[in-house]
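These notes are about the structure you will find just below.
Quick note: numbers below take in every heavy atom, side chains included, and nothing from hydrogens, waters or symmetry partners. Proteins get letters first, then strands, A, B, ... in listed order; numbering begins at 1 in each. A quick note: this is a predicted structure, and the numbers were derived from the prediction, not measured.
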Amino acid sequence: MREILVERSLARFAAARAASVVAGAGSGITVGPLRLADREPRALPGPDWHRVSPVLAGICGSDLATVDGASSRYFESIVSFPFVLGHEIVGTVGGGRLAGSRVVVEPVLGCVARAIEPPCPACAAGRKGACERIAFGHLKPGLQTGFCADTGGGWSDGLVAHTSQLHAVPAELSDEAAVMVEPAACAIHAALLGAVVPGERVVVLGSGTLGLATLAALRHYGQPAVVVAVAKHPVQRDLAEQLGADQVVRPEELERAVRRLTGSLGLAGGGSPSRLTGGADVVFDCVGSSSSIASSLAVVRPGGRVVLVGMPGTVRLDLAPLWQREIALVGAYAYGTEQTPDGPRSTFDLAFELVAAARLERLVSARYPLERYEEAVRHAANAGRRGAVKVVFAIGRSSSPAWRSGPPNTESVETNA
Amino acid sequence: MSPAPERPVTRGHSSPVVRLPRKMLGALAPPTWPGTVERPLPRSHVGTDYDTSWSRTPVARLARAMITDNITRPFVRLAAAPTVVGAEHLDPLRGPVIFAANHSSHLDTAIVLSALPVRYRHHCVVAAAADYFFDRRWKGDLWSLALGTIPMERSRVNRRSVDLAAELVADGWSVVIFPEGGRTTDGWGQEFRGWTAYLAKRCGVPVVPVHLHGVRPIFPKGGNRLRPGEVEVRFGAPLRPLTATATASEGGHGREEDARRFGARVEQSVAALADEAETDWWSARRRAARGETPDLRGPDAAAWRRAWLLPESRRSNAGVRRRTPSAPW
Amino acid sequence: MSPRPGFVLEVDRSTPPTLFWHGEGWRLERLPAGSRVVYPPEPLPALEDPDAAIRHALEHPAGDSSPLSALLRPGAKVTIAFDDVSLPLPPMRAPDVRQRVVEAVLDAAAGAGVDDVVLIAALALHRRMTDAELRHALGSRVFDAFAPHGLLLQHDAEDPAGVVHLGLTDHGEDVEINRRAAESDLLVYVNINLVAMDGGHKSVATGLASYKSIRHHHNVRTMQQSRSFMDRHHSELHTSNWRMGRLIAKAGVKVFQIETTLNLDTFPSQFSFLQKREWEWSLRDRAAFHATSAALERTPAGLKRQIFQSIRSPHALTSVHAGEVEAVHELTLADVHRQQLVRVDGQADVLTMGLPYICPYNVNSIMNPILVACLGLGYFFNLYRGRPLVREGGVCIMSHPTPWAFNPVHHPSYIDFFEQVLAETVDPLEIEAKYEESFATDPWYVHLYRTSNAYHGVHPFYMWYWCAHALQHLGQVIVVGGDRAAVRRLGFKPASSLADALEMAEDVVGRDPSITHLHNPPLFLADVT
């Protein structure tokens with residue numbers, strides 16, 4: 001069985017970090033801790049576990065951070081080596097009573113998957129993302145499938161998943177749409193955490209997969225008065241407009257655009273405000289870098305909220321504005337159960353709705369076979385610049401008729417990298 | 001607990017210039033003052049309390065003579081190229097006098113000193129604003145050494161400083177005074193303060209009116225750079241308060257001229273010198289005789305007209321400067 | 001030798017390449033044979049004793065007005081308003097005409113014993129001038145006499161207490177002007193009439209007015225009905241200003257108008273080749289041209305800007321008139337025409353022009369893309385009397401590097417206009433309806449206009465309205481050698497060479513189009529039949 005394995009090697013993580021700093025994002029792939037391995041299939045950890053053969057597996061921003069050795073060391077104790085990357089997975093169940101059905105894997109490994117009885121308070125309340133036992137139970141530590149040595153991950157021919165992690169894919173949904181369910185769930189969770197009140201002015205910083213999905217979620221589940229999206233590249237700009245951004249601006253234009261929009265004054269810097277007196281009500285930072293968090297703090301109004309959607313690491317920040325302007329800085333990780341007007345609903349259920357409603361399959365722009373993982377990772381790391389959004393591995397054969405017909409707007413295999 | 005001792009208003013000179021952190025001094029650190037014990041205010045050594053006596057010791061006088069002749073005078077020659085007019089009025093004078101000059105620039109003191117005959121140049125003190133030249137110890141040290149300044153209150157007659165000046169005059173020192181009490185801001189003169197005449201009367205010494213012509217264009221108040229030019233230093237005939245007989249013969253009250261009237265006469269003499277510098281000696285004399293000498297303080301009109309009528313020799317090169325935003329290229 | 005009038009050259013095979021301004025530099029371009037090049041007249045001789053001429057004009061006023069000295073008395077409240085940094089172009093060598101005139105007026109005021117005199121820079125909605133610019137315009141003597149006492153003011157159209165509403169014209173237009181000016185016993189306005197548009201009632205009714213008042217004539221409809229705004233008798237812009245000016249006079253504001261005209265001697269002698277006909281370039285001119293061009297090629301953009309912005313023009317005074325506004329303006333117009341009018345027969349399919357580094361709104365600043373559009377389509381296109389130099393549906397080709405660059409101190413609202421408004425639409429009417437109000441009232445722009453050196457928030461809109469007549473008239477606008485992204489944002493087509501631009505123009509106007517080239521510097525007014 002083929003897997004893209006990440007091994008514990010400090011030297012190779014350091015090399016990847018160095019390479020990515022010198023040669024740009026994605027360059028860690030050649031010297032880093034990843035290799036394509038051929039291994040015996042894993043044992044099923046328990047009775048409720050199934051083998052899943054991935055059909056499509058997405059490359060996520062957090063995966064790229066691992067590839068480039070840029071992940072925070074915070075994660076060291078909640079992952080277990082060697083692990084297989086990939087947590088955006090649509091696949092086919094390999095055996096048991098679910099054999100042959102097409103599923104999306106909900107990667108969080110909470111108390112239920114870990115057979116911990118009784119479950120922790122968070123899991124008991126349905127907030128799987130906040131599970132307190134992700135390093136315990138009969139599985140090795142790992143916050144998600146894709147970071148745990150016992151489960152494998154999406155960038156492989158096969159992995160194991162607990163029944164509670166599996167969500168059947170409706171027949172009418174294409175594989176491309178299905179692979180977007182997991183990121184869509186993250187975006188919905190973040191959008192709802194932002195608690196946008198109708199009429200509020202919102203900024204979505206970053207127009208990668210998460211940024212665009214957050215935009216779609218905001219439009220679908222809230223009534224913000226104005227959404228300003230920040231996009232660097234032409235493809236991102238177009239998609240942001242299609243998904244409902246009222247104004248799409250380049251990063252360097254953001255402060256001026258927010259100033260105009262909110263009618264606030266500027267401080268210092270002559271005619272080019274270096275600080276605003278007012279700002280947007282809510283800012284969704286879908287990038288997670290020092291500079292993106294700093295510009296989020298710069299454009300949010302006093303008393304406003306900044307939601308960190310993109311995964312941050314160790315950042316250098318001036319927190320004086322956060323303190324003086326009483327800004328709430330909120331993290332938004334994973335998913336679980338959301339409070340909706342129709343009562344509590346699982347984030348994944350909402351994500352299936354959103355993917356279909358907003359046609360998020362259009363974000364899948366390139367597919368690679370596992371063997372060409374180096375190219376795939378480089379492509380994903382430079383997605384925006386190269387006119388792509390979501391890059392996926394196309395691994396197995398789908399059991400769904402929708403797959404065979406192929407989605408309309410993706411190249412079947414990217415050959416010209 | 002008693003209230004914390006007040007911060008001294010003036011700086012004591014006992015305080016060390018650089019305070020080392022306590023940690024570095026270790027056991028040698030000075031003890032801290034108990035909060036329950038009132039702390040005495042340190043003695044003031046600045047302003048009119050500055051003691052300039054050291055600057056009149058032979059060693060300091062010698063040093064000042066060297067500075068005046070080797071630094072101040074060459075500098076004044078370069079920057080202001082002074083022409084001295086009316087020095088003959090000083091020839092018959094022996095013994096201390098008071099020089100009263102108009103004031104428009106920091107250069108004035110140096111120019112007057114440079115223009116004085118040797119016997120006065122090295123035996124005179126300059127009354128200087130206590131709040132400006134003596135507000136820090138080092139400034140007091142510097143100016144009293146270089147120019148022989150003594151501290152003087154600008155606006156009121158301060159007993160201590162007048163006593164000091166009177167003592168010095170009695171000792172044979174001459175005094176250079178700028179009776180306006182400060183440099184002009186708009187080019188026109190300011191009212192002469194009372195202490196020049198008061199001091200002259202008290203000590204019984206003559207006042208020599210001095211007019212400096214053309215200094216303001218070189219370095220005005222608020223100026224930020226020197227624009228070398230040419231100045232004229234004009235000495236007038238020495239003035240003494242009119243005696244009782246003199247006032248009586250002029251049909252007056254028959255008492256000795258009082259300080260106020262005498263001061264006004266000093267101001268008029270300087271104004272006549274100014275007129276002479278602007279025009280010529282003869283027409284200035286005739287105007288003075290008719291009592292039509294233009295007032296040093298300028299016309300009583302709107303600010304712009306005062307500025308508009310200001311003679312070239314008193315204009316400033318400074319103007320108003322506000323920071324202009326720089327171009328971003 | 002008396003100066004030669006302007007003339008129209010027909011390009012043939014032996015014509016040397018023609019000079020095109022190109023921002024901080026120039027291009028030599030070969031125009032196709034048969035093209036016409038309109039050359040400006042040569043500079044008229046300067047007045048021999050300008051100060052005497054000014055004094056004479058003040059004491060021998062035109063129209064129904066007493067001599068200035070008769071209008072001044074002790075105790076009177078006198079305000080002297082003067083044109084701001086946007087005139088003349090490039091800024092002239094000291095002494096500036098304003099300095100000469102203001103000094104003469106002040107001498108009269110001082111002689112009459114007038115104490116209450118205030119100077120006001122008639123900014124309208126332009127940026128405040130810096131102290132250095134005021135000092136240059138008025139001279140040190142005036143500056144030092146007034147500025148330190150707070151008597152040298154700059155008009156503030158956004159000061160609610162500083163403007164006064166004088167009423168509505170019969171067309172319902174608000175007339176709201178500077179309070180100090182309106183409440184003075186005498187308002188003296190000192191003009192520099194660089195082009196035919198300047199002066200007349202526009203001086204007070206626009207220069208000292210508020211946004212509320214200015215918007216009645218600075219709008220798309222007025223600009224589209226001004227054919228052209230350089231021809232006061234066919235300009236809706238001026239008609240509206242004249243209505244306002246008459247209302248101001250009726251409201252009791254006594255205006256003593258002083259108008260001055262300059263000759264076309266625009267550039268100092270080291271750039272004399274700019275003002276000569278190419279076949280008359282001397283050896284010195286050719287050497288200067290090649291040396292300067294080579295040096296400029298190796299100079300970074302910022303430094304080039306600095307060099308060009310430091311050019312001081314040798315402009316000389318050719319006439320001065322003073323007195324009642326309308327009488328003075330007619331005399332002045334005749335003098336402007338005497339210097340600037342060039343007769344051109346018929347329109348062309350294609351109009352080409354080279355755009356310089358400067359326009360009225362970027363003195364000591366950056367010529368941003370909006371100003372490029374305004375200079376070409378607003379000013380140069382409108383330098384006609386009769387009909388435009390190019391036919392309806394024709395093509396205008398402009399040459400300018402059009403960098404995507406802004407001066408954030410002077411043009412903050414321009415940046416937002418370019419990034420946020422032009423990104424959405426370039427249609428003047430749509431822009432006016434949808435965005436003008438919010439830019440004009442944006443508190444940040446108001447703050448910068450009043451306290452910094454920024455143009456008013458609404459000013460970029462006026463620049464775009466200035467282009468409205470040309471945008472409506474032309475089939476296409478092509479910019480040669482410009483920043484592609486910036487040119488496209490303006491809604492124009494970028495071309496890398498004049499030859500390409502002419503090829504592109506043929507798609508619009510057909511094969512073998514007739515071409516007219518507006519040769520500048522200096523500026524002139526085409527009288528098109």
Side-chain angles (χ1 to χ4, degrees), chain A residues 199 201-205 207 225-242 244-280 295 298-302 385 387, chain C residues 125-128 130 158 361-362 364-366 368-370 404-425 431 434-461 484-486 488-489:
Chain A
R201 291 173 286 212
V202 174
V203 170
V204 178
L205 227 148
S207 289
V226 186
V227 181
V228 177
V230 182
K232 262 188 193 164
H233 306 288
V235 173
Q236 297 177 338
R237 297 180 68 90
D238 293 347
L239 282 167
E241 264 168 33
Q242 289 170 22
D246 299 290
Q247 204 178 341
V248 186
V249 300
R250 295 188 302 185
E252 65 272 20
E253 300 173 354
L254 177 64
E255 283 191 15
R256 284 191 293 270
V258 172
R259 194 210 62 73
R260 268 278 310 142
L261 183 70
T262 59
S264 67
L265 303 182
L267 294 168
S272 202
S274 64
R275 271 166 55 203
L276 308 184
T277 53
S295 45
V299 298
V300 74
R301 69 165 161 83
R385 196 170 54 73
Chain C
L125 303 178
H126 296 174
R127 71 172 173 87
R128 284 153 43 83
T130 64
E158 288 290 345
Y361 314 108
N362 77 313
N364 300 325
S365 186
I366 298 173
N368 63 51
I370 297 162
W404 187 308
F406 294 83
N407 182 319
V409 174
H410 295 158
H411 301 121
S413 61
Y414 279 66
I415 308 179
D416 294 348
F417 182 84
F418 196 67
E419 283 177 356
Q420 293 162 42
V421 176
L422 288 185
E424 192 165 312
T425 173
I431 289 174
K434 203 164 157 190
Y435 292 105
E436 182 187 306
E437 185 79 32
S438 74
F439 270 71
T441 55
D442 189 311
W444 172 233
Y445 301 147
V446 170
H447 171 80
L448 292 174
Y449 161 79
R450 297 191 61 185
T451 61
S452 172
N453 297 90
Y455 281 85
H456 193 274
V458 80
H459 203 259
F461 289 76
R484 280 171 186 277
R488 298 191 65 86
R489 174 65 58 90

Max heavy-atom pair count under 4.5 Å with chain C, selected residue of G263(A), S264(A), A257(A):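 Winner by heavy-atom pair count: A257(A).
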Largest heavy-atom contact set with chain C, pairs under 4.5 Å, which of R260(A), R250(A), Q247(A):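 Of the options given, most contacts go to R260(A).
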T277(A), part contacting chain C, at a heavy-atom distance under 4.5 Å: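 T277(A) has no heavy atom closer than 4.5 Å to chain C.
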Check ion pair R256(A)-E253(A) (N to O, under 4.0 angstrom):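 Between E253(A) and R256(A) there is no salt bridge, as every charged N stays at least 4.0 Å from the carboxylate O atoms.
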E424(C)/K434(C) salt bridge by N-O under 4.0 Å criterion: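 So K434(C) pairs with E424(C) through a salt bridge.
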Segment of S438(C) engaging chain A (4.5 angstrom heavy-atom cut-off):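 It is both, since atoms from each part get that close.
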Aromatic ring proximity F439(C)/F461(C), centre distance under 6.0 Å: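 Yes; F461(C) has its ring centre under 6.0 Å from that of F439(C).
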H456(C) ring center within less than 6.0 Å of Y449(C) ring center: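 Ring centroids of Y449(C) and H456(C) are less than 6.0 Å from each other.
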